[in-house]
2 protein chains.
Amino acid sequence: MYAQASAKIELPSYLPHQSPVPVFDGPATPVSFFTAGAEIYAQGEKAGALYQVEFGAVRIYRLLADGRRQISAFHLAGETFGFEADATHHFFAEAINATGVRVFRAPSGTDMSRQLLPLALKGLTRAQEHLLVLGRQNAIERVAAFLVEMSERQGGLRQVELPMSRNDIGDYLGLTIETVSRVFTRLKEKGVIRLLSLRSIEILKRDTLLAMGE
Amino acid sequence: MYAQASAKIELPSYLPHQSPVPVFDGPATPVSFFTAGAEIYAQGEKAGALYQVEFGAVRIYRLLADGRRQISAFHLAGETFGFEADATHHFFAEAINATGVRVFRAPSGTDMSRQLLPLALKGLTRAQEHLLVLGRQNAIERVAAFLVEMSERQGGLRQVELPMSRNDIGDYLGLTIETVSRVFTRLKEKGVIRLLSLRSIEILKRDTLLAMGE
DNA sequence: CGGCCGCTTGAGTAGTATCAATGTTCGTGG
DNA sequence: CCACGAACATTGATACTACTCAAGCGGCCG
C-alpha cells in the first residue's frame, strides 16, 4: 500500500532529544524514509535488523482478529527498536509521520548482547510500568500518565509535541478515541493543560498532572 | 514481617516443566526458602542478583499510592527473574507459596549479557503480549488468555495448576476478584472448564478457550 | 469441631464504550 | 490565496461491562 518514499518528506517540527548515536560500530548505513502510515515491518516477518529513529515517530502494535489494536510502544527520535526474542517479528512497526529510520544489520556471527541488553531491559521496564497503567488506572490517570511520559521523553519541557493521533493515543492507553477526547477537554477545563494545536499541548499544572498519573 | 524460613516447607503438588538449569557457570549457590507471602526483594532495593525458581511460584508487582496493585508477571519453577535496567529494583517480588529460589551473584566484572539477553527479550515479548490483554480484551477473554498461558507454561496439559489466589489472578488481569470468580463460574456453566479444586482446573474445551483468549 | 480466610453470589452503580451528529483541521487543487 | 473535501476530533445520548458494597458459603487449619 504505502511504499518507502525517498522524496518530498516534510521535516517534523520537533527534534531529537536524544542524539542518534549509532547502535554499534559498523559501516555507515543509509537512512530509510517512510511516509505517514508506512509499514516498517510486519508481525510474522523475519527479524534480524535493528532500527533507530532519526526523525519522526514509530508505533509498535499488535492486532486481534477482529481488528482491535494495542500499541505497545511509541518510539521517538534517537530511540532504537526491532530486536526480538527469536527470528520472527511478533509485532507490527509503522511510521506515524514522515519518518527517517537508520537500519543496522550486524554481520553474521557478531555478538550484540552487550549493546542490546540495556535496550531490552529499558523496554522491559517501560512495558511493565505500562501494565500498571492499563491494568489499574482509570481514563484520567492514563492520559495524565501518558502526557507526563511524553513530556519527560521530550526533556521535561512545558510544551509537549504529540506526533500521534487521538486514535493512536487511545490504542496505546486502552481507551476509545472519544474517551481520550473527553479527558483532554476535562484537563483543559481544569486548567491543567492548554491545547496549542491538536498535536501540541502546554502543561500548565505539572504537579496536578503528576499526582493524577500517580 | 515474613522472614525466610528454612524448615517445614511443604512441597507443592506441581513440578517444574522446565529443568532448572543454572543461569551461568559459577560456584553452586544454596537454595533460599520462602514461605507464602514472603518478600524476596522490594521496589527501591539495590538489585544485582539473579533468582531462579526451584519450586513454588513468585509474583512480580507494582503498587499505586492508594494500594492498587498490578502483578506484571508470575514465575514458575525453572524460570529466572530479578534482572533490572539499572542498579535498583523497580518492582516487588514475593513468594506466592512455599517457594525455593536459587540466588546467583555474578562475580563483579563478569559480563552476563549473553545469558541475560534472551531472558530479557522473552520477558519483553511476554509483557508486550500482556499489554494487549489488559488494553483491549474483556473479562472473559482475559481469563481465557490467562488459563491458556498457564496451561502452555505447564506443558499444555488438560489439567492446570493455579498456584495463586483469585486475588492474584485479578491483579494480574486488571480485574476484581469478584469478576474473576464470576468468569470462572460462567466458564464452568458453559462446560469449558471444570474445577478439580480451587487451585486446580481441567480444560474441557481447549478450542473454545483458545478462541476466547483470541 | 469451630473459626477464619478465601471464594462465590447478588443488587445496585460508576465509568467507559457505543452510536450518532456536529465541528475543526489540513492538504489539495483551482 | 482561497475553497473544497476528507480525515480527524469533539460533543451528546444511551447502553453495557465491570466495580462496589454486602451477604452467604465452603474448605482448611488449628
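Sequence lines set the chain letters: A, B, ... in the order given, protein chains first and strands last, and positions in each chain run from 1. Since the structure is predicted, the reported quantities are computational estimates derived from the model, not experimental observations.
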**OP:** Please work out whether the ring planes of Tyr61(B) and Phe92(B) are parallel, tilted or perpendicular, with thresholds of 30° and 60°.
**Re:** parallel
Original post:
Thr88(B): what forms a side chain to side chain contact (heavy atoms under 4.5 Å, CB included) with it, not counting sequence neighbours?
Top reply: Asp86(B)
Could you give the side-chain donor-acceptor pairs of residues 177-187 of chain B under 3.5 Å, partners two or more places apart or in another chain?
| from | atom 1 | to | atom 2 | distance (Å) |
| --- | --- | --- | --- | --- |
| Thr179(B) | OG1 | Thr176(B) | OG1 | 3.1 |
| Thr185(B) | OG1 | Ser181(B) | O | 3.1 |

Original post:
In residues 176-186 of chain B, which ones come under 4.0 Å of DNA chain D, going by heavy atoms?
Top reply: Thr176(B), Glu178(B), Thr179(B), Arg182(B)
Subject >> Interface with DNA chain D, restricted to residues 136-151 of chain A and to heavy atoms under 4.0 Å >> reply: none
Got a list of side-chain donor-acceptor pairs under 3.5 Å for residues 119-134 of chain B, not counting sequence neighbours?
| from | atom 1 | to | atom 2 | distance (Å) |
| --- | --- | --- | --- | --- |
| Thr125(B) | OG1 | Leu121(B) | O | 3.0 |
| Glu129(B) | OE2 | Arg62(A) | NH1 | 2.9 |
| His130(B) | NE2 | Tyr172(B) | O | 2.9 |

Subject >> Residue whose closest nucleotide on DNA chain C lies nearer the 5' end, Gly174(A) versus Leu198(A) >> reply: Gly174(A)
Subject >> Counterpart residues, salt bridge (charged side-chain N to carboxylate O under 4.0 Å, His left out), relative to Glu84(A) (two or more places apart) >> reply: none
Original post:
Are any side-chain N or O atoms of Arg158(A) and backbone N or O atoms of Glu202(A), one a donor and one an acceptor, separated by less than 3.5 Å?
Top reply: no
Within this structure, what is the [atom1]-to-[atom2] distance between [X] and [N], rounded to whole angstrom?
{"X": "Arg166(A)", "N": "dT24(C)", "atom1": "CZ", "atom2": "C1'", "answer": "12 Å"}
{"X": "Asp168(A)", "N": "dA9(D)", "atom1": "CG", "atom2": "P", "answer": "9 Å"}
{"X": "Leu175(B)", "N": "dT8(C)", "atom1": "CG", "atom2": "C1'", "answer": "16 Å"}
{"X": "Leu162(A)", "N": "dC8(D)", "atom1": "CG", "atom2": "C1'", "answer": "14 Å"}
{"X": "Leu195(B)", "N": "dT9(C)", "atom1": "CG", "atom2": "P", "answer": "10 Å"}

